[in-house]
Amino acid sequence: MAKLDRAFYNRDTVTVARDLLGKCLVHVVQGNRRVGRIVEVEAYVGVHDKASHSAKGLTTRNAPMFGPPGIAYVYLIYGMYYCMNVVTEAEGHASAVLLRAVEPLQGITERTQGPGLLCRAMGIDKRLNRHDFLSDDFYLTDDAPADFKIVKRPRIGVDYAGAWAKRHLRFYIASNPFVSRK
DNA sequence: CTCGGGATGCGT
DNA sequence: CGCATCCCGAGG
């Protein structure tokens with residue numbers, strides 16, 4: 001139940017991505033807790049990663065990726081959905097983990113099987129951009145199942161990234177029904 | 001300023 | 001496969 005600390009996020013991005021599986025995301029909305037267990041993530045490993053928003057260098061949109069570990073990077077996609085990342089590694093590394101799906105545990109009434117649906121169901125929007133995961137209304141806890149199998153696959157929707165599109169940087173909990181694109 | 005595409009999701 | 005819908009980055 002303990003909140004993940006700064007050191008957790010300040011590590012190699014693939015390691016953080018895998019370790020985030022099974023952990024719980026908590027967002028307190030108008031006094032009510034919305035809790036989901038992370039079951040699917042993708043790692044975006046820095047400015048050399050052609051699939052990463054940070055590959056084009058620092059811009060207004062991706063600036064949070066260049067910030068300190070343990071803050072959120074939230075952006076609008078296709079004019080209608082938000083996607084939420086957890087910024088990793090030391091400030092300036094411009095790496096992050098995209099949360100793609102959670103298993104509803106508490107206070108969630110909408111589907112969560114995909115990055116856009118996840119944000120909508122958990123009440124995550126641009127207001128949480130740059131938000132610190134060590135805050136009291138939006139954070140991650142270490143509460144996770146004892147053991148589970150992790151599947152590695154190429155990331156979704158990054159065909160433009162050449163060789164980087166083939167890298168197995170998407171991770172999800174095997175046979176979990178809340179993983180997207182089954 | 002215009003212009004085009006996007007780490008999506010849903011319906012056909 | 002088409003499309004909704006809009007922010008933002010590139011270019012003139």
Side-chain angles (χ1 to χ4, degrees), chain A residues 9 11-21 23 25 27 34 36-67 69-89 92-104 108-131 133 138 140 150-173 176-182:
Chain A
Y9 304 103
R11 297 182 296 154
D12 167 73
T13 303
V14 169
T15 303
V16 175
R18 296 174 61 96
D19 284 357
L20 279 173
L21 290 176
K23 303 295 194 294
L25 173 65
H27 185 202
R34 298 190 192 184
R37 189 181 309 285
I38 298 168
V39 299
E40 178 183 356
V41 297
E42 284 178 0
Y44 289 84
V45 299
V47 296
H48 302 296
D49 178 355
K50 295 303 184 196
S52 173
H53 288 173
S54 63
K56 291 184 165 60
L58 176 64
T59 66
T60 305
R61 179 176 72 152
N62 68 23
M65 290 189 78
F66 290 80
I71 65 171
Y73 166 42
V74 181
Y75 66 93
L76 180 67
I77 187 67
Y78 298 112
M80 57 184 80
Y81 294 102
Y82 290 98
C83 290
M84 206 269 297
N85 295 255
V86 177
V87 175
T88 59
E89 307 202 33
H93 277 238
S95 307
V97 176
L98 171 69
L99 300 195
R100 284 196 56 92
V102 300
E103 176 176 339
I108 294 175
T109 57
E110 296 174 289
R111 296 183 59 208
T112 57
Q113 306 176 23
L117 295 178
L118 177 163
C119 284
R120 195 176 67 188
M122 294 208 59
I124 296 167
D125 61 26
K126 203 71 179 289
R127 290 173 297 184
L128 288 173
N129 195 27
R130 278 195 177 278
H131 203 89
F133 281 109
F138 189 52
L140 289 144
I150 297 176
V151 180
K152 303 188 296 182
R153 289 287 184 273
R155 292 169 293 186
I156 302 287
V158 295
D159 293 342
Y160 56 83
W164 282 92
K166 295 181 162 56
R167 296 275 299 272
H168 284 34
L169 292 171
R170 175 187 178 214
F171 305 95
Y172 59 86
I173 296 178
N176 185 287
F178 296 95
V179 170
S180 70
R181 311 252 184 134
K182 293 196 65 180

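Order of the sequence lines sets the chain letters (A, B, ...), proteins ahead of strands, with each chain counted from 1.
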G-U wobble or Watson-Crick pairing nucleotide for B:dG9 (cut-off 3.5 Å, both distances): C:dC3

Would you mind reading off the distance between [X] atom [atom1] and [N] atom [atom2], rounded to a whole angstrom?
{"X": "A:K56", "N": "C:dG11", "atom1": "NZ", "atom2": "P", "answer": "11 Å"}
{"X": "A:Y73", "N": "B:dG6", "atom1": "OH", "atom2": "P", "answer": "14 Å"}
{"X": "A:Y82", "N": "C:dC7", "atom1": "OH", "atom2": "C1'", "answer": "9 Å"}
{"X": "A:E40", "N": "B:dT8", "atom1": "CD", "atom2": "P", "answer": "10 Å"}
{"X": "A:E42", "N": "B:dT8", "atom1": "CD", "atom2": "P", "answer": "8 Å"}
{"X": "A:W164", "N": "B:dA7", "atom1": "CH2", "atom2": "P", "answer": "16 Å"}
{"X": "A:L58", "N": "C:dG9", "atom1": "CG", "atom2": "P", "answer": "9 Å"}
{"X": "A:N129", "N": "C:dC8", "atom1": "CG", "atom2": "C1'", "answer": "13 Å"}

Side-chain donor or acceptor of A:E103 paired with backbone N/O of A:N176 under 3.5 Å: no

A:I38 and A:V102: CA distance, side-chain angles, deciding distance, side-chain contact (heavy atoms from CB on, under 4.5 Å) verdict: CA-CA 4 Å; A:I38 298 168; A:V102 300; 4.2 Å; yes

Nucleotides 9-12 of chain B: which of its N/O atoms have a protein N/O under 3.5 Å away?
residue	atom	partner	partner atom	Å
B:dG9	OP1	A:G114	O	3.4
B:dG9	OP1	A:P115	N	3.1
B:dG9	OP1	A:G116	N	2.8
B:dG9	OP1	A:L117	N	3.1
B:dG9	O4'	A:Y81	OH	3.4
B:dC10	OP2	A:R111	NH1	3.2

Geometric cation-pi criterion A:R155 and A:Y44, 6.0 Å radius, 45° cone: yes

Determine the contact category for [X]: base if any of its heavy atoms lies under 4.0 Å from a base atom, sugar-phosphate if only primed atoms, P, OP1 or OP2 are that close, otherwise nothing.
{"X": "A:L76", "answer": "sugar-phosphate"}
{"X": "A:K126", "answer": "sugar-phosphate"}
{"X": "A:R155", "answer": "nothing"}
{"X": "A:M65", "answer": "base"}

Distance test, side-chain N/O of A:Y78 to OP1/OP2 of C:dC3, below 4.0 Å: no

Check: A:F133 ring centre within less than 6.0 Å of A:F138 ring centre: yes

Test log, rule side-chain contact (heavy atoms from CB on, under 4.5 Å), inputs A:W164 and A:V158: CA-CA 8 Å; A:W164 282 92; A:V158 295; over 6 Å; no

Pair A:R120 + A:E110, salt bridge at N-O below 4.0 Å: yes

Residue met sooner reading DNA chain C from 5', once A:G79 and A:T59 are mapped to nucleotides: A:G79

Any donor-acceptor N or O pair under 3.5 Å, side chains A:S52, A:D49: no

